[in-house]
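Presented below is the structure to which this report refers.
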Amino acid sequence: MSTTTIPRRAKVLVIGGGGREHAIVDALSRSPRVEKIFCAPGNAGISLQAECVHLEDTQVDELADFAESRGIDLTVVGPEVSLAAGIADEFTSRGLRIFGPSRAAARIESSKDFAKALMAKYDVPTAAYRTFSDYQEALEYVKSGSFPTVLKYDGLAAGKGVVVAENLEQADNALRDMLLDDRFGHGRVVVEEFLSGPEFSLLCFVNGTDVQPMVLAQDHKRAYDGDEGPNTGGMGAYTPLPFITGEDKTYALEHIMKPVAAAMVAEGTPFRGVLYGGLMKTADGIKVIEFNCRFGDPETEVVLPCLKSDIFEIFWAVASDLPIPDAEWSDGAAIGFVLASKGYPGKYAKGVEIKGLANALSDPSVKVYHMGTSLKKFQDGDLHEDFDGRGHSLVTAGGRVLMVLAQAPTLAEAHAKALAAVEKVDCDNLFHRTDIGHWALNE
């Protein structure tokens, strides 16, 4: 990084291939400073706005080689697995500018115990906890407490390493999964006090002690309407949140996000990137549920469309260790519905054709972000829809497949527009919730 002068026509590499990365690519495409976007590995939707690169998000050396060979001005990292693998460290060691925290700073997500210990040391409000590596000791501790109780695998588990146990049987099964059967790998378990209240996500651009908040969002983890069914990676999200006041946001910023950023600096692991606060408004005040070291998914898909400022300038400032420019945000609402493969989060089919996206996008206030899609050249002679203008059809390639979102002056209007667009998507193997935003809409 020989100079911090911001380029007029930049080449940007985005790491990842889901809906979050599509939203990042889409936001970058609106910047007049961005000339060319690459995405590794990308997906079918991203391929319409960026050149997809056949590299996986954990191929750190190969990604750095690519950035060097193509003269990439800035790399933006989406997935936590890339950060935990040390991609920011490798790029920085080669003099490549990258937006994302170091492996040491990424521990705030990759180790639940690290995050809890940091909060305890610096008096950041969170649930009481203890960490265990021994199954029997953990079980005895759980028996001595009350239910529900929260069990968290101390490591990355693709959003599936948290269990809210309603009784001893459920707790025992979870502890066996995590400590005896090594379902997510060999690791430890954090046993937490159960908290209740509405959850919300506060994402912040962070450069050391410089912390700039984004608009608040809330996602819905359960698979089905009424918050029923198994936990997923997120079935939808929305902003704003009328039940979180301006005073609540100020408290969260001043007593949680800024102190944690300062604590990371004090611990010798300054954070640079997006710090995600998963927070809860309890009867005893706002407390931390978890931290993530990157943009959340699906929150990013509704937050970034509300950003009116040039996101490239923000990314560049953080990656160059410069003051973060103040961001301007729209006053309206955004809401998104995830279309998931039937069977998700369990087993599901892949390769099912999706039609009708052009109809869904006929409303200019609607966006469709691709989460798990790919292209397929059909040879069976049937009539298929040409998605990319080169004879390829769009097919499902994951559990969460698409995010259909709409923006409008009010949440109710955005909700109606988004659902109307969802109904235009033609695929027999997709399902979605209809009640995203119910916490706000039913107030």
Side-chain angles (χ1 to χ4, degrees), residues 1 10-29 34 36-111 155-161 184-187 233 271-274 276 292-297 300 315 318-319 350 369-376 395 397-401:
M1 293 184 288
K11 295 179 184 178
V12 183
L13 170 63
V14 177
I15 307 296
R20 163 183 52 209
E21 289 75 31
H22 195 174
I24 293 170
V25 166
D26 185 49
L28 284 166
S29 71
V34 175
K36 174 77 174 179
I37 306 172
F38 299 90
C39 190
N43 62 38
I46 290 172
S47 71
L48 301 183
Q49 293 179 286
E51 181 178 327
C52 292
V53 181
H54 296 297
L55 290 172
E56 294 303 316
D57 50 24
T58 52
Q59 291 182 270
V60 172
D61 291 339
E62 292 87 346
L63 289 165
D65 291 343
F66 177 85
E68 285 181 332
S69 67
R70 293 299 186 97
I72 299 297
D73 297 290
L74 173 69
T75 298
V76 180
V77 186
E80 61 273 24
V81 290
S82 306
L83 296 165
I87 191 170
D89 306 77
E90 177 64 24
F91 272 58
T92 301
S93 73
R94 298 197 194 189
L96 297 167
R97 187 173 275 102
I98 188 166
F99 178 89
S102 66
R103 188 204 305 259
R107 285 182 299 163
I108 200 159
E109 177 174 2
S110 64
S111 172
L156 298 179
K160 299 177 177 66
F184 306 112
H186 186 64
F271 192 97
R272 292 190 176 89
V274 171
Y276 168 118
N292 291 333
C293 63
R294 38 71 193 182
F295 278 109
D297 189 352
T300 303
F315 286 157
V318 173
K350 296 182 180 180
Y369 290 133
H370 292 236
M371 308 179 92
T373 62
S374 61
L375 298 175
K376 181 176 180 179
V395 298
R400 293 187 300 166
V401 177

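These numbers come from a predicted model, not from an experiment. The basis for the numbers below is simple: all heavy atoms, side chains too, and nothing from hydrogens, waters or symmetry mates.
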Under 3.5 Å: donor-acceptor pair, side chain of Ser111, backbone of Arg107: no

Atom pair OG1/CD1 of Thr92 and Ile87 - distance to nearest 0.5 Å: 10.0 Å

Heavy-atom side-chain contact between Asp297 and Arg400 under 4.5 Å: yes

Note, Val395 side chain near Lys350 side chain (heavy atom, < 4.5 Å): no

Side chain proximity check, Val274 to Arg294, heavy atoms < 4.5 angstrom: no

Closest non-hydrogen atom pair, Ala106 against Ala84: CB-N, 4.4 Å

Validation row: Arg272, Ser102 side chains within 4.5 angstrom (heavy atoms): no

From Glu80 atom CD to Ser110 atom OG, the distance as rounded to the nearest 0.5 Å: 10.0 Å

Separation between CZ of Phe91 and CD1 of Ile72, rounded to the nearest 0.5 Å: 8.5 Å

Atom of Ala44, atom of Leu375 and distance for their closest heavy-atom approach: CB-CD2, 3.7 Å

Heavy-atom check, side chain of Cys39 versus side chain of His22, under 4.5 Å: no

Asn43 (side chain) donor-acceptor with Gly372 (main chain) under 3.5 angstrom: no

Where Asp73 and Ala10 come nearest, the two heavy atoms and their spacing: OD2-CA, 3.4 Å

Under 3.5 Å donor-acceptor, Asp57 side chain and Ser82 backbone: no

Shortest non-hydrogen contact between Gly42 and Cys52, atoms and distance: CA-SG, 3.9 Å

Ring geometry between Phe315 and Phe295 (parallel below 30°, tilted from 30 to 60°, perpendicular above 60°): perpendicular

Gap separating the CZ atom of Arg103 from the CD atom of Glu90, nearest 0.5 angstrom: 10.0 Å

Side-chain donor-acceptor contact under 3.5 Å, Gln49 with Asp26: yes

Residues in salt bridge (Lys or Arg N to Asp or Glu O under 4.0 Å) contact with Lys36, at least two apart in sequence or another chain: Glu51

Worked verdict on Leu96 versus Thr75 for side chain to side chain contact (heavy atoms under 4.5 Å, CB included): CA-CA 8 Å; Leu96 297 167; Thr75 298; 6.0 Å; no

Distance (rounded to the nearest 0.5 Å) between Ile37 CD1 and Leu13 CG: 10.5 Å

Least distance between heavy atoms, Leu63 atom then Ala40 atom: CD2-CB, 3.6 Å

Validation row: Asp61, Arg94 side chains within 4.5 angstrom (heavy atoms): yes

Flag side-chain contact, heavy atom, 4.5 Å: Thr373 against Val401: yes

Rounded distance [0.5 Å steps], OH in Tyr369 versus CD1 in Ile24: 10.5 Å

